[in-house]
Asker: 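Questions regarding the structure given below will be posed in turn.
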Amino acid sequence: MALYLLFESASGYALFHAYGIDEIGQSVDAVRASVLDLQRFGKAVKLAGFSPYSSAVDALNQCNAISEGIMTDELRNFLELNLPKVKEGKKAKYSLGVMEPKVGSHISEATGIPCQSNEFVQELLRGVRLHFDQFINQLKKSDLEKAQLGLGHSYSRAKVKFNVNRVDNMVIQAIFLLDTLDKDINSFSMRAREWYSWHFPELLKIVNDNYLYAKIAKFVVNKSDLAEKDIPALANLTGDDDKAKEIVEAAKASMGQDLSPVDLINVQQFAQKVMNLSEYLVGARLISHAGSLSNLAKCPASTLQILGAEKALFRALKTRGNTPKYGLIFHSSFIGRASARNKGRMTRYLANKCSIASRIDCYSESNTSIFGQKLREQVEERLDFYDNGVAPCKNLDVMKAAIEGIKNAVSEDADGNEKSDVSAKKSKKKKSKAAGGEAMDVDKPAAGEDEPQTEKKKKKKHKLEEPEDEGIATEAVTDDAKQDETPKKKKKKNREASDAEPTVVTEGKKKKRKKSKIDDNDV
């Protein structure tokens with residue numbers, strides 16, 4: 001049976017005919033050794049067809065299709081054109097060797113061409129890739145390398161650009177780090193329990209949670225100093241008045257030994273380190289378990305409530321037992337603060353608010369924490385309602401308040417931007433006025449005798465435009481008038497002289513006419 005090899009290069013599709021190679025009896029090691037020799041490999045493999053890509057965009061599309069295991073129309077036309085045609089009702093007397101098994105299965109389903117992808121075919125395609133520039137005429141090795149480099153950059157850039165989960169990658173990586181720290185937290189917690197148990201051994205039976213144990217150990221420090229006045233503070237830490245009273249009673253009748261002040265300081269610091277390591281975000285764990293923020297936003301509140309307890313859920317469904325009430329959300333401080341009978345209801349309510357918050361974070365166009373603050377206030381109000389019976393606010397009123405807060409924040413930002421624009425415009429105007437004043441000062445000496453007239457016109461305009469400064473303007477005008485009195489007198493004298501000159505000229509003309517008349521009479 002003849003064997004054809006499909007090779008997807010950075011410059012186009014290539015089809016090779018491998019003849020003279022008998023797969024039976026040929027080991028992979030022997031093929032691997034013969035592939036390195038171009039003379040031997042060139043005699044066994046010949047180029048049957050080549051179809052270059054029309055553009056870089058086309059090359060990227062074909063590469064994306066091959067990576068996803070899809071046969072494009074261009075590849076189908078290329079194979080139908082270059083492979084031998086098979087008559088209807090008969091099997092093909094050849095097979096097509098491909099590198100990707102998904103592509104081969106799609107080709108065989110769509111066209112009926114038998115495809116194979118094994119180690120033998122992969123070694124032959126490795127040889128084709130090694131000597132590809134020798135099979136194609138007028139194809140330089142440098143050109144092929146440039147095509148490979150450009151296609152590789154565009155392919156990786158497209159994968160990073162269209163990665164929907166790229167926003168959540170840093171959160172998920174942080175969760176992986178927290179998972180590695182969990183082992184350290186457990187070992188530190190056990191060490192703190194053993195260390196403090198020499199001083200207050202009864203606390204182990206009262207408090208089971210590692211984080212709560214570290215908080216109480218930091219608060220109590222020396223059990224002999226614990227009194228009735230510390231019960232409210234312990235109740236705030238534990239969330240239970242009965243447990244706080246039990247801790248105080250156990251401290252009074254404790255069998256533990258006393259510790260030195262240095263050891264107590266060490267225990268306190270160690271408990272603080274355990275608390276710092278144990279404080280992690282429940283929301284980040286939910287995102288990591290769901291895979292991305294978009295996947296978490298698609299989950300209903302009932303799914304989010306038991307996220308992380310899938311094994312217990314399926315076990316309960318199989319055995320027809322009680323289904324779990326909570327999963328990863330149980331680590332929230334709100335669940336710990338709720339009473340035992342209200343933990344289930346509080347978990348359901350918290351899951352509802354977490355589902356709303358995840359959808360707002362995923363699909364909102366602007367990033368804001370106003371909705372998160374309002375939702376947190378609702379959870380606090382629900383806790384007060386379960387404990388003290390205080391009626392919480394309605395969800396509709398809370399959402400309206402959040403929307404109004406966002407609008408106010410947006411308007412404040414817009415006002416700030418407008419003020420900055422106005423101040424920038426004023427500074428530009430001041431600079432332009434200063435530059436204009438300097439230019440006027442430079443031009444003053446060249447004005448000549450016409451300067452007083454222009455000054456008078458400008459003063460009249462300023463009087464009309466600035467009526468508030470009349471006193472200052474009149475004083476300036478009077479001062480200028482005193483300085484301009486001498487030029488006015490000179491102008492009057494010049495006018496009188498100019499008026500006298502034409503009279504003199506007319507009298508001279510009359511005298512000349514009289515003289516001419518007398519001369520005519522004498523004649």
Side-chain angles (χ1 to χ4, degrees), residues 1-24 26 31 35 38 41-140 143-144 146-148 150-152 154-155 158-159:
M1 181 180 287
L3 176 64
Y4 288 88
L5 302 174
L6 176 63
F7 179 66
E8 309 92 2
S9 68
S11 55
Y13 290 116
L15 187 67
F16 291 88
H17 184 202
Y19 58 92
I21 298 178
D22 189 6
E23 185 177 355
I24 301 173
Q26 289 281 355
V31 175
V35 157
L38 179 60
F41 188 75
K43 293 178 181 179
V45 176
K46 296 292 182 181
L47 180 66
F50 179 69
S51 175
Y53 300 133
S54 59
S55 62
V57 178
D58 185 26
L60 179 59
N61 294 333
Q62 299 296 329
C63 184
N64 288 328
I66 292 297
S67 64
E68 294 174 4
I70 300 172
M71 180 185 64
T72 60
D73 295 335
E74 290 82 0
L75 178 57
R76 181 168 186 166
N77 295 333
F78 173 71
L79 293 176
E80 291 177 352
L81 183 63
N82 292 282
L83 287 174
K85 295 182 180 180
V86 181
K87 295 181 180 180
E88 295 181 359
K90 291 187 178 181
K91 293 183 179 180
K93 295 182 179 179
Y94 61 88
S95 62
L96 181 65
V98 294
M99 182 65 74
E100 295 292 334
K102 292 182 179 179
V103 177
S105 61
H106 192 197
I107 291 172
S108 60
E109 289 176 2
T111 61
I113 299 172
C115 298
Q116 57 177 334
S117 177
N118 49 32
E119 293 183 0
F120 181 76
V121 172
Q122 290 177 359
E123 289 297 328
L124 292 176
L125 288 173
R126 188 173 70 87
V128 170
R129 185 185 303 108
L130 183 62
H131 307 295
F132 182 70
D133 56 327
Q134 301 294 330
F135 288 101
I136 308 298
N137 295 328
Q138 299 179 353
L139 179 63
K140 297 180 181 179
D143 297 338
L144 184 61
K146 289 179 182 179
Q148 291 173 349
L151 181 60
S154 59
Y155 178 75
K159 285 294 183 183

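Values in this document were obtained by computation on a predicted structure and should not be read as measured data.
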Asker: Could you check if a side-chain atom of Leu124 sits within less than 4.5 angstrom of a side-chain atom of Leu3, using non-hydrogen atoms only?
Answerer: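 The answer is yes; the side chains approach within 4.5 Å.
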
Asker: Only counting residues at least two apart or in another chain, list the ones meeting salt bridge (Lys or Arg N to Asp or Glu O under 4.0 Å) with Glu80.
Answerer: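 So Glu80 forms a salt bridge (Lys or Arg N to Asp or Glu O under 4.0 Å) with Arg76.
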
Asker: Please tell me if the side chains of Thr111 and Leu83 come closer than 4.5 Å, counting only heavy atoms from C-beta onward.
Answerer: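 The answer is no; the side chains never approach within 4.5 Å.
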
Asker: Going by the ring pair (Phe, Tyr, Trp, His ring centres under 6.0 Å) test, which pairs reach into residues 47-72, not counting sequence neighbours?
Answerer: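 Qualifying pairs, neighbours excluded: Tyr13-Tyr53.
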
Asker: Where do Ser9 and Gly12 come nearest, in terms of heavy atoms and distance?
Answerer: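 Nearest pair, atom of Ser9 first, then Gly12: OG-O, 2.6 Å.
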
Asker: Hey, could you give me the SG/NZ distance between Cys115 and Lys102, rounded to the nearest 0.5 Å?
Answerer: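 It is 16.0 Å, given to the nearest 0.5 Å.
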
Asker: Are Phe41 and Val128 close enough that some pair of their side-chain heavy atoms sits under 4.5 Å apart?
Answerer: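 Yes, at least one pair of side-chain atoms sits under 4.5 Å.
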
Asker: List the atom pairs, donor and acceptor, that lie under 3.5 Å between side-chain atoms in residues 91-100 and the rest of the protein, sequence neighbours left out.
Answerer:
{"from": "Tyr94", "atom 1": "OH", "to": "Pro84", "atom 2": "O", "distance (Å)": "3.0"}
{"from": "Ser95", "atom 1": "OG", "to": "Gln116", "atom 2": "NE2", "distance (Å)": "2.9"}

Asker: Tell me the closest heavy-atom pair linking Ala48 and Asn82, and the distance in Å.
Answerer: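 So the minimum-distance heavy-atom pair works out to O-OD1, 3.7 Å.
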
Asker: What residues form a ring-ring contact (aromatic ring centres under 6.0 Å, His included) with His17, not counting sequence neighbours?
Answerer: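 So His17 forms a ring-ring contact (aromatic ring centres under 6.0 Å, His included) with Tyr4, Tyr19.
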
Asker: Please report the interatomic distance CD(Glu74) to CG(Asp58), rounded to the nearest 0.5 Å.
Answerer: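 Those atoms lie 5.5 Å apart.
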
Asker: May I have all residue pairs that pass ring pair (Phe, Tyr, Trp, His ring centres under 6.0 Å) and include part of residues 68-92, sequence neighbours excluded?
Answerer: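 Matches after skipping sequence neighbours: none remain.
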
Asker: If a pair satisfies salt bridge (Lys or Arg N to Asp or Glu O under 4.0 Å) and one of its residues is in residues 124-133, list it, with sequence neighbours excluded.
Answerer: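 The answer is Glu123-Arg126.
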
Asker: Can you tell me how far CD1 of Ile70 sits from CD of Gln62, rounded to the nearest 0.5 angstrom?
Answerer: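 Answer for the CD-CD1 pair, Gln62 versus Ile70, is 11.0 Å.
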
Asker: Could you tell me the separation between the OH atom of Tyr155 and the CG atom of Asn64, rounded to the nearest 0.5 Å?
Answerer: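 Reported value, rounded in 0.5 Å steps: 6.0 Å.
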
Asker: State the CG-CD distance between Leu47 and Gln134, to the nearest 0.5 angstrom.
Answerer: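 Rounded to the nearest 0.5 Å, the CG-CD separation comes out at 13.0 Å.
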
Asker: For the atom pair CD1 (Ile136) and CG (Asp143), what is the distance rounded to the nearest 0.5 Å?
Answerer: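 If we round to the nearest 0.5 Å, Ile136:CD1 and Asp143:CG are 13.0 Å apart.
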
